[in-house]
Undergrad: 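Sharing a structure, written as structure tokens. Questions coming.
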Amino acid sequence: MQQLNLRLKLNGDSSEDQSAKQRVKQASERRVAAVETVEEAWQRILSMKNSDADQAKLLEVKQAMASGKVGRNPADVKKRFSKAEALRLYKDLAESQREEKLAELVQKTPSNYRLINTEDSFAELLADLANEEIIAVDTETTGLDVYVDVIVGISLTLPKADYHVYIPIRHKEGEQLNPDYVLAKLKPFMEDEGLGKVLHNAIFDIAMFRRHGVGFGGLAWDSQTAMHLLNENEAEKVKGQTPGNYKLKYLAPKYLGVESDTFDELFGKNTRFDDVPLDIALVYAAKDTDLTWHLYKFQESHMRRMPEMFKYYTGVEVPLLYVISDLEANGYILDLDFAKEYGEKLNREAEELHDYLLTELSKYHDGDTPLNLNSPQQLKPALSKAIGKQLPNLDAKRTLKPLKSEFEIVAKLLKYKGITKLSGTYIDKLPTKQNSTTKRWHSRFNPMGTVTGRFSSGKDEADTSNQGFNVQNQPEDARKMFVAPPGKVIIGADFKAQEIRCVAHLSEEPALIEAFEQQRDPYATLAVKFTGKPYEEVNKNPDGSDTKERKMMKVAWLAALYGTSKYTMAEQLNTTPDEAEAFMKDLFDSLPVLRDWIKGNEEFASKYGFVWMDKNQRKRRLPNATLKAKWGDRDTWREKNRAMRQATNARVQGSSSIQTKVTMIEAAKMCAEKGNGWCLWGSVHDELLFEAPEDFTREDIEDVKRVMTESYKFGKVANGTDIEVMKRWGEGVTVDAWFENKKGETK
DNA sequence: ATTCTGAGCCAC
DNA sequence: AAACGTGGCTCAGAAT
């Protein structure tokens, strides 16, 4: 009861109460300090509301204090032992542990780790390298920007000679060989196709060697991409679990049972590797190739048990890394004048809309700060009041668009959102990402960025330069910033209806097979089968637009592929869920082979917990597919059904991505044969883009067509491609139009 | 001051 | 028995 009274007083806010509050607090602190033992303080601190991370740190400090590893700072002893002090002690503890750890590592340096920093030891290494068939390679660098940073040392593992080396070349302290000399001597080995090489994240090191004028050959294995193929779920986010990753330092303990500290753990976040003393650098860096080598042996033995996957990995994914390396290094050119002018136009429009919206909506906004239109949290209640309708969210497509014609303000908001997205993410942003060294724009193409095998594109995971960007989601309007280099064109070639052809092949549905045999539009063909109307009538309207039958088939098609629910389908077809369901049932009844194929995918996944991509080259593991959905267990039900949808989708997406990757390799070969400035410019899932001299010929186009349609066949289903030519991305013309235009110019 | 998460939206 | 598969980026706002 006394406590309650005290609290009531403390909560008062008159100045008298304030000073009373302070006096009471000070008195109580004096009392606690006088009587509280450190043990009691611990009880108090540990029972506070601490984050999990803090609690763990606190417990560690408590233990360290008990064993005498850390003690209180004499200056603090008079004060009450606080949580803040305990956390300060944690820092001291971590620092001393780090030093201890480093000393221990150096002391326990394996006898077959060699620091190469003399003429003699380097000569011996070169002689031994000549006897190796396959080695492991890694570089240590000043940072992660492969166009700006430099190599500070090189690690090699020589399996036959049975030792691991670190060759420091640019550390700030310690005896080292001349960097140019070392690189010149290593160059023939690095470029030797006959000397196999194993790396972890090879794209990075290949780019680093390239930067120093050293080519790369003989790539045999990349333990990072191989791991993705062996377990694409390693980094999956599961509730209540910390997700894994594909870093060597994570994989080695997990799969090799070897203890391994990360760079940050050992050296802290802001240490550059050229600051690391050589004895420590040796044990850290040589361990990298040591671990990479062992991870390779482990992975190889596993993958060999899946021969088709092994063949695919070594035959496609590994050589693809060279292709990506060239593609990324080539980079892009942006038309900065265009971007500036366009950006200014967008910003003017946005400003006008912003003024209007703020004027109209501010009166419905409560709060001390002005309404922020970019904050859904603030905008939702304000807009709801303005239009007199409670909005569930501000989803442009679902929520706002239907209200667009009824409310002027919603229409303006949609326009505003569209413009600010375009300028904020693309038109104004991309120009700031020019690389200082190459003066070009470089993106990343991660061949294992997705669980199905598609590429992802963007910035490097650990890259802090903020210069990365996603090439694969550039909207139509932003693509216009990308231009061909002077004297060149961009040639775009897509896989016509890639995923549908893929399904035709995998399912062997006769209606689809037949459509492609007759070179007919697949959606129209489905519409014929379903409606009984003639092809011409359902394919295109007289004005060239889509017929409603064809549109419906397209929606239904995607629904089958993606597992759309009847509710979403109803929205898309503008009908009721029941009708949508009935329509899908009728449709699938008319395509029984396709229906059974989808069912088969689901049954396979339910039984085995994974599905195969085309020709068993790759797996998509879906452990949740084996769940038994129980009544009332919503989470299980949701996960199970998600896995069922993924089963079919992954097979289609993954098999299609195999086609794209195989074709990229053949396309790169074609470019190399042609020379004369031909190279790959990009890839966006179902299309490849080339850079070519603007005096390319019709024969060149025939070669592109051949590469696109013949590099990877979906069984007996023919491939198709549409090719266009452009000086500016997205402003393409047909090949015929290009040559017609040229004829006109020369006349 | 830095890092994380969710909403939202771009691509195929 | 409600929400379409694969990604990445930006911004706001919260957590640390």
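Just so we're on the same page: letters track the sequence lines, and every chain starts at 1. Just so we're clear, the structure is a prediction, and the values are computed from it rather than from any experiment.
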Undergrad: Quick one: label A:Gln378 by what it contacts on the DNA or RNA (base, sugar-phosphate, nothing), any heavy atom closer than 4.0 Å.
TA: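 Result for A:Gln378 = sugar-phosphate.
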
Undergrad: Does A:Lys429 make a side-chain N or O approach to OP1 or OP2 of C:dC11 shorter than 4.0 Å?
TA: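 A:Lys429 to C:dC11 OP1/OP2: side-chain N or O found under 4.0 Å.
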
Undergrad: Distance check: side-chain N/O of A:Ser456 vs OP1/OP2 of C:dT6, anything under 4.0 Å?
TA: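 So the side-chain polar atoms of A:Ser456 never come under 4.0 Å of the phosphate oxygens OP1 or OP2 of C:dT6.
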
Undergrad: I want to check one thing: is the phosphate of C:dG5, taken as OP1 and OP2, less than 4.0 Å away from some side-chain N or O of A:Arg645?
TA: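 It does, given that an N or O in the side chain of A:Arg645 lies less than 4.0 Å from OP1 or OP2 of C:dG5.
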
Undergrad: Think A:Ser565 has a side-chain N or O under 4.0 angstrom from the OP1 or OP2 of C:dA3?
TA: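 So the side chain of A:Ser565 is outside the cut-off, no N or O lying under 4.0 Å from OP1 or OP2 of C:dA3.
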
Undergrad: Just call it for A:Arg651: base, sugar-phosphate, or nothing, with non-hydrogen atoms closer than 4.0 Å on any strand.
TA: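 The answer is nothing, as A:Arg651 stays clear of every strand by at least 4.0 Å.
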
Undergrad: Considering only B:dC12, B:dC9, C:dC4, which nucleotide approaches the side chain of A:Asp395 most closely?
TA: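 Nearest to the side chain of A:Asp395 among the choices is B:dC9.
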
Undergrad: Would you say A:Gln472 and A:Ser457 are linked by a side-chain donor-acceptor pair, where the criterion is simply a distance under 3.5 Å?
TA: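 Their side chains do not contain a donor-acceptor pair, so the 3.5 Å distance test is not met.
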
Undergrad: Going from CG on A:Leu400 to CG on A:Asn393, what distance comes out if it is rounded to the nearest 0.5 angstrom?
TA: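 Going from the CG atom of A:Leu400 to the CG atom of A:Asn393 covers 8.0 Å.
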
Undergrad: Think A:Arg728 forms a cation-pi with A:Phe338, using NZ or CZ under 6.0 Å from the six-ring centre and within 45 degrees of its axis?
TA: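 That pair qualifies as a cation-pi contact.
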
Undergrad: Can you find an N or O donor on one side and an acceptor on the other, under 3.5 Å apart, linking the side chain of A:Lys421 with the base of B:dC10?
TA: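 In this structure, the two groups form no donor-acceptor pair.
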
Undergrad: Name the closest nucleotide to the A:Gln653 side chain, picking from B:dC12, C:dA2, C:dT6.
TA: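 So the nucleotide nearest the side chain must be C:dT6.
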
Undergrad: Any idea which of C:dG5, C:dA1, C:dA12 is nearest the A:Asn641 side chain?
TA: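 Comparing C:dG5, C:dA1, C:dA12 against the side chain of A:Asn641, the answer is C:dA1.
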
Undergrad: Taking the side chain of A:Asn374 as heavy atoms from C-beta outward, which of C:dA2, C:dC11, C:dC4 is closest to it?
TA: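 The answer is C:dC11.
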
Undergrad: Using a heavy-atom cut-off of 4.0 Å across all strands, would you classify A:Ala559 as base, sugar-phosphate, or nothing?
TA: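 Here A:Ala559 touches no strand at all.
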
Undergrad: Counting any heavy atom closer than 4.0 Å, what does A:Lys566 reach on the DNA or RNA strands: base, sugar-phosphate only, or nothing?
TA: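 Nothing: the residue A:Lys566, judged by heavy atoms under 4.0 Å, touches no strand.
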
Undergrad: Tell me whether the NZ or CZ atom of A:Lys619 lies within the 45° cone about the ring axis of A:Trp612 and under 6.0 Å from its centre.
TA: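 Yes, A:Lys619 lies over the aromatic ring of A:Trp612.
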
Undergrad: Quick one: is A:Gln646 getting a side-chain N or O under 4.0 Å of the C:dT6 phosphate, OP1 or OP2?
TA: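 For C:dT6, OP1 or OP2 has a side-chain N or O of A:Gln646 closer than 4.0 Å.
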
Undergrad: Tell me whether the OP1 or OP2 atom of C:dA2 has a side-chain N or O from A:Arg642 closer than 4.0 Å.
TA: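 No, because none of the side-chain N or O atoms of A:Arg642 sits under 4.0 Å from OP1 or OP2 of C:dA2.
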
Undergrad: For the side chain of A:Arg634, starting at C-beta, report the closest nucleotide among B:dA7, C:dG8, C:dA2.
TA: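 Selected nucleotide (nearest to the side chain): C:dA2.
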
Undergrad: Between A:Asn473 and C:dG7, does any side-chain N or O lie under 4.0 Å from OP1 or OP2?
TA: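 It does not, given that no N or O in the side chain of A:Asn473 lies less than 4.0 Å from OP1 or OP2 of C:dG7.
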
Undergrad: Does atom NZ (A:Lys433) have a neighbourhood of more than 12 heavy atoms from anything else shown, all under 6.0 Å?
TA: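 Yes, the 6.0 Å shell around NZ holds more than 12 heavy atoms from other groups.
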
Undergrad: Side chain of A:Arg620, heavy atoms from C-beta onward: which of C:dT10, C:dA12, C:dT6 has the nearest atom to it?
TA: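 Of C:dT10, C:dA12, C:dT6, C:dT6 is nearest to the side chain of A:Arg620.
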
Undergrad: Heavy atoms from C-beta onward define the side chain here; which of C:dC9, B:dC9, C:dA3 lies closest to that of A:Lys417?
TA: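 Nearest listed nucleotide: B:dC9.
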
Undergrad: From the set C:dC11, C:dA2, C:dG13, return the single nucleotide nearest to any side-chain atom of A:Gln377.
TA: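 Side chain of A:Gln377 sits closest to C:dG13.
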
Undergrad: If you measure from the C1' atom in C:dA3 to the same atom in B:dA7, how many Å do you get, rounded?
TA: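 Those two atoms are separated by 16 Å.
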
Undergrad: Say whether A:Asn719 and A:Gln659, considering side chains only, have a donor N or O and an acceptor N or O under 3.5 Å apart.
TA: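 Checked: A:Asn719/A:Gln659 side chains pair up, N/O donor to acceptor below 3.5 Å.
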
Undergrad: Side chain of A:Thr452, heavy atoms from C-beta onward: which of C:dG5, C:dT6, C:dA12 has the nearest atom to it?
TA: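 In terms of side-chain proximity for A:Thr452, the closest of C:dG5, C:dT6, C:dA12 is C:dT6.
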
Undergrad: Using the side-chain heavy atoms of A:Arg454, tell me which of these nucleotides is nearest: C:dG5, C:dC4, C:dT10.
TA: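 Of the candidates, C:dG5 comes closest.
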
